[in-house]
There are 2 protein chains.
Amino acid sequence: MKILIADDDPQMLRALRITLTARGYDVTTASDGTAALDAAIRIHPDIVVIDLGMPGLTGIEVIEALRGWTQIPVLVVSGRSESWDKVEALDAGADDYVTKPFSADELLARIRALSRRTPAASNEPVVTFGDVTVDLAAHVVTRAGASVRLTPTEWRLLEVLLRNHDRLVTRETLLTEVWGPQYTTDTGYLRLYLSQLRKKLEPEPSVPRYLLTEAGMGYRFVSQ
Amino acid sequence: MKILIADDDPQMLRALRITLTARGYDVTTASDGTAALDAAIRIHPDIVVIDLGMPGLTGIEVIEALRGWTQIPVLVVSGRSESWDKVEALDAGADDYVTKPFSADELLARIRALSRRTPAASNEPVVTFGDVTVDLAAHVVTRAGASVRLTPTEWRLLEVLLRNHDRLVTRETLLTEVWGPQYTTDTGYLRLYLSQLRKKLEPEPSVPRYLLTEAGMGYRFVSQ
DNA sequence: CCGCGGCGTTAGGGAACCGTGAGGACCTGT
DNA sequence: ACAGGTCCTCACGGTTCCCTAACGCCGCGG
């Protein structure tokens, strides 16, 4: 169970990390809004705990950015207890709001309550191109109605390209997102899996229409 | 949007009814735990707001009874602000906990946040596939009319897969849902219990038709 | 014309993963 | 103490997946 904590107070970060790690959660931390967003995109946490009063992007802006992209549960932790603040955060897409100071037990219980809800709730976009549809939440790929089997690596690669649709994705980005941060230079496997994706998804694999190559740079998925 | 409010304080009931009705909710009220359960069974509300300190059945008991039967969002309203009370209610199955006094705006925002999470009406209490029927609420599995005995672990595993029907459920999700958040990597028991479920439920266990494997990723239940 | 670099594709060995049987640890009620 | 049941570990064969190596294609510049 991966959990992302964003707070600009190092002491709070440390306390939360210790508490949550002790309970078996896999904790990642960020100390400003931009770092929080980056981390969310990179590690796909199962739940996000975020402080409102951060420098750079505010917590509200982070929540809105997240919601443009995913339905991960977001729990807000804030020093502000005015009802207006709560309304703003909840309506921006947060799922729960706890005011400081709070007890660790309560936070843990609220995290449990939120993660209980997750599996049934995801409502991610379905991407369509040609006669192919991809349901990112359900991990389902169909082509002309028939289901298409993808291996884990093929799926991760497709996922990264789809989440960055119409944008160029560099080889380096693809490698680190799909194979891990220690992989930065291609020795052939990127080309290999791209080829397999095309074989499974493109109407004419030898003349790609959706999964395009940008020579010397990387790849780009275009939906039409 | 139907909403059920349970509170033994007539004044609170009246205030909430007015506030919520004015926002367009279809409000039903109950003034003790038994009446709340009856009303929930009768009208199938989309969300339940419940006070903990009621005569007869306590709020906690009502939540537990509801959870044996449905996944409706439950928001607890209580005069008690001890973290222990919150933990108890949330772990009993409540989704949110607000302490009195609270502002109407905050309550409304929390109700909106909860109803946003409500999955579509896909929460079928009874699932059938092949000659097998599974009653999620009653914990009953039958095959060709005869009852099938499942161990607690087998049941939890089946439940998670059924509640996510047609979607891929990752190994990690299954492990944390069935065995707890500290279990994230399989050392063999997941495969073992899947095998046992297939033996009990699949027409031909060696060629699974409903409980499918996605190598390297997880499992998926498909109803046909 | 020809070498060269980047890309696409195929094939095969090795590693990781999966299904399943056997058996031991533990818990519970008799 | 014993029996029945549940949970988990271990091990083995079969399957799937991943990556390396090698080759052909194409465009470009020498």
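Computed from a prediction, not measured in an experiment: that's the story for all the values here. Sequence lines set the chain letters: A, B, ... in the order given, protein chains first and strands last, and positions in each chain run from 1.
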Problem set entry | Closest-nucleotide ordering on DNA chain D, the 5'-leading residue of A/Gly188 and B/Gln196 |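 Taking each residue's closest nucleotide, the earlier one in sequence belongs to B/Gln196.
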Problem set entry | Residue closer to the 5' end of DNA chain D, B/Glu154 versus A/Glu154 (nearest nucleotide) |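 Result: B/Glu154.
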Please give, in whole Å, the distance from [N] [atom2] to [X] [atom1]?
{"X": "A/Leu211", "N": "C/dC7", "atom1": "CG", "atom2": "P", "value": "15 Å"}
{"X": "B/Met217", "N": "D/dC17", "atom1": "CE", "atom2": "P", "value": "8 Å"}
{"X": "B/Glu202", "N": "C/dG19", "atom1": "CD", "atom2": "C1'", "value": "13 Å"}
{"X": "A/Asp186", "N": "C/dG6", "atom1": "CG", "atom2": "C1'", "value": "10 Å"}
{"X": "B/Arg209", "N": "C/dG19", "atom1": "CZ", "atom2": "P", "value": "18 Å"}
{"X": "B/Leu157", "N": "D/dT6", "atom1": "CG", "atom2": "P", "value": "15 Å"}
{"X": "B/Glu214", "N": "C/dG19", "atom1": "CD", "atom2": "P", "value": "11 Å"}

Reckon [X] has a side-chain N or O less than 4.0 Å from the OP1 or OP2 of [N]?
{"X": "B/Ser195", "N": "C/dT20", "value": "yes"}
{"X": "A/Arg171", "N": "C/dG6", "value": "no"}
{"X": "B/Tyr193", "N": "D/dC7", "value": "yes"}
{"X": "B/Tyr219", "N": "C/dC17", "value": "no"}
{"X": "A/Thr153", "N": "D/dC17", "value": "no"}
{"X": "B/Trp179", "N": "D/dC8", "value": "yes"}
{"X": "A/Arg198", "N": "C/dG8", "value": "yes"}
{"X": "B/Thr213", "N": "C/dG19", "value": "yes"}
{"X": "B/Thr151", "N": "D/dG5", "value": "no"}

NA contact type, [X], heavy-atom cut-off 4.0 Å: base, sugar-phosphate, or nothing?
{"X": "A/Trp155", "value": "nothing"}
{"X": "B/Tyr183", "value": "nothing"}
{"X": "B/Leu194", "value": "nothing"}

Measuring from the side chain of [X] (C-beta onward, heavy atoms only), which nucleotide among [options] has the closest atom?
{"X": "B/Arg191", "options": "C/dA11, D/dA11, D/dC17", "result": "D/dA11"}
{"X": "B/Lys199", "options": "C/dG21, C/dT9, D/dG5", "result": "C/dG21"}
{"X": "B/Arg149", "options": "C/dA11, D/dT6, D/dT16", "result": "D/dT6"}
{"X": "B/Tyr189", "options": "D/dC7, D/dC8, D/dT20", "result": "D/dC8"}

Exercise. Can you name the one residue among B/Val87, B/Asp96, B/Asp95 that meets side chain to side chain contact (heavy atoms under 4.5 Å, CB included) with A/Arg110?
Worked result: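 It is B/Asp96, the one option of B/Val87, B/Asp96, B/Asp95 that forms the side chain to side chain contact (heavy atoms under 4.5 Å, CB included) with A/Arg110.
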Exercise. Does a salt bridge link A/Asp9 with A/Lys100, judged by any charged N lying under 4.0 Å from a carboxylate O?
Worked result: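 No, A/Asp9 and A/Lys100 are not salt-bridged.
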Problem set entry | Carboxylate-amine/guanidinium contact A/Asp46 A/Lys2, below 4.0 Å |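 A salt bridge is absent here (no side-chain N lies under 4.0 Å from a carboxylate O).
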Problem set entry | Flag side-chain contact, heavy atom, 4.5 Å: B/Met217 against B/Leu168 |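 Sidechains of B/Leu168 and B/Met217: in contact.
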Exercise. Does the side chain of A/Leu107 reach to within under 4.5 Å of the side chain of A/Thr19, using non-hydrogen atoms?
Worked result: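 They are not in contact (no side-chain heavy atoms under 4.5 Å apart), so the answer is no.
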Problem set entry | Residue pairs, two or more places apart or on separate chains, that pass side chain to side chain donor-acceptor pair (under 3.5 Å) and touch residues 181-197 of chain A |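 Not a single pair qualifies under side chain to side chain donor-acceptor pair (under 3.5 Å).
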